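Report on the following structure.
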Amino acid sequence: MLVVLVPDAAALDREAARIVAHRVRDKPSITLGLASGSTPLGMYRELIRLHREEGLDLSRVTTFNLDEYLGLAPSHPRSFHRFMREFFFDHVNVPASNIHVPDGTAADLDAYCAEYERRIVEAGGIDLQVLGIGRDGHIGFNEPTSSLASRTRVKTLTAATMEDNRRVFEAGEPVPECAITMGIGTILEARHILLLGAGAAKREAVAKAVEGPVTATVTASALQLHPQVTVLVDRDAAAALRHLEYYERVMHTTATLTPDRVARPTD
Ligand code: GLP
């Protein structure tokens, strides 16, 4: 793992976008795995700016989102479909036919999830997967005790995750209890992974994911098994890490070796 420390959320947004843009320029037909949630919002904003002001071309990019609430139609204002359109896709030039977000209203869920996996394979696999992290250390909606070999499927959300999700729903509006999510096995097949963590609320989750034991109770810890993971965290989210001084030194020694800050196999 390469742990990249940045001072604050604004720096995280810029650095995350820089890493993604670097990869897109390197491989214009890249397949990106994308995440929703408040953490990557600033990264999307910055990618939109790079597209508008610096000519970042996304016309050959293919995307797969991690997850979607079960039961919410793509047009639902709180769906991840809407989120992605509003905060990213409506402002850049990824062709609509290249965009994939799980359909929370699919009739045959097992068949649909298997089909989602098949489409990822058909697209050549995910080159770079962007992840946020839940307060309990989940990635996607892979809640504690999710199999570390899991594939795209329906998961029941914990009460804590539902509580976190409640803030984007209207008062009195039911918060979905389940979601379709890529599995940990699916995520681990991405060639590179970029995990974003911002704010003090994520410090325990980040510490457990990076320095704790690999365990299904903190599904982000499974990323320790992947050879090319970059963990990009601001100071608040990094505060519970024990080896901060070491990560600082690694950042300096690898800055010239890995200018795009995506970890190399030696990390
Ligand atoms: C949800 C999403 C995750 C996301 C997490 C954290 O659980 N399924 O992909 O990482 O929320 O969200 P936020 O970035 O808003 O803290």
Side-chain angles (χ1 to χ4, degrees), residues 6 8-10 12-13 15-17 20 32-46 63-72 76 78-84 86-88 100-104 113 116 126 128-146 150 152-169 175-184 186-188 190 193-210 217-223 229-234 236-238:
V6 289
D8 51 31
L12 182 130
D13 299 343
E15 182 63 8
V20 173
L32 295 175
L34 297 177
S36 45
S38 55
T39 311
L41 267 181
M43 177 194 79
Y44 291 133
R45 238 186 344 258
E46 177 63 8
T63 65
F64 286 89
N65 264 76
L66 280 169
D67 45 18
E68 176 59 287
Y69 292 119
L70 193 67
L72 298 200
H76 191 287
R78 253 65 68 190
S79 71
F80 288 162
H81 274 86
R82 271 286 281 273
F83 175 97
M84 290 304 299
E86 184 176 344
F87 296 111
F88 190 49
H100 306 85
V101 182
D103 180 355
C113 292
Y116 201 72
I126 292 172
L128 176 63
Q129 174 68 58
V130 178
L131 298 172
I133 185 166
R135 278 192 303 142
D136 59 7
H138 72 229
I139 46 178
F141 270 130
N142 293 284
E143 297 286 36
T145 73
S146 289
S150 52
T152 302
R153 70 220 183 285
V154 172
K155 281 300 290 181
T156 302
L157 305 180
T158 63
T161 296
M162 286 177 66
E163 209 38 54
D164 286 345
N165 296 340
R166 191 176 298 282
R167 65 204 146 108
V168 299
F169 286 80
V175 178
E177 278 193 65
C178 297
I180 297 179
T181 181
M182 279 187 205
I184 299 297
T186 321
I187 292 169
L188 290 179
I193 295 177
L194 175 62
L195 176 78
L196 309 177
K202 301 294 171 66
R203 65 174 54 150
E204 292 307 323
V206 166
K208 286 180 183 160
V210 175
T217 54
V218 180
T219 53
S221 67
L223 299 177
V229 176
T230 298
V231 177
L232 178 59
V233 278
D234 69 7
D236 288 340

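All values derive from a computational prediction rather than experimental measurement. Atoms within a ligand are numbered from 1 in the order they appear, just like the ligands themselves. What's counted below: heavy atoms across the whole structure, side chains too, no hydrogens, waters or symmetry copies.
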Got a sec, which residues hit salt bridge (charged side-chain N to carboxylate O under 4.0 Å, His left out) with [X], two or more places apart in sequence or on another chain?
X: Arg78; answer: Glu170, Glu173
X: Glu86; answer: none
X: Glu46; answer: Arg49

Item to complete: Establish, yes or no, whether a centroid distance under 6.0 Å links the rings of Tyr69 and Phe83.
Response: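 No; Phe83 has its ring centre 6.0 Å or more from that of Tyr69.
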Worksheet item: So with a 6.0 Å cut-off around NZ of Lys155, is the heavy-atom count from everything else above 12?
Response: yes
Fill in: Residue shell around ligand 1, heavy atom under 4.0 angstrom
Gly37, Ser38, Thr39, Asp67, Gly132, Ile133, His138, Gly140, Phe141, Arg167, Lys202
Worksheet, complete the sentence: When every non-hydrogen atom of Pro102 is compared with those of Asn65, the smallest separation belongs to CD-O, 3.6 Å
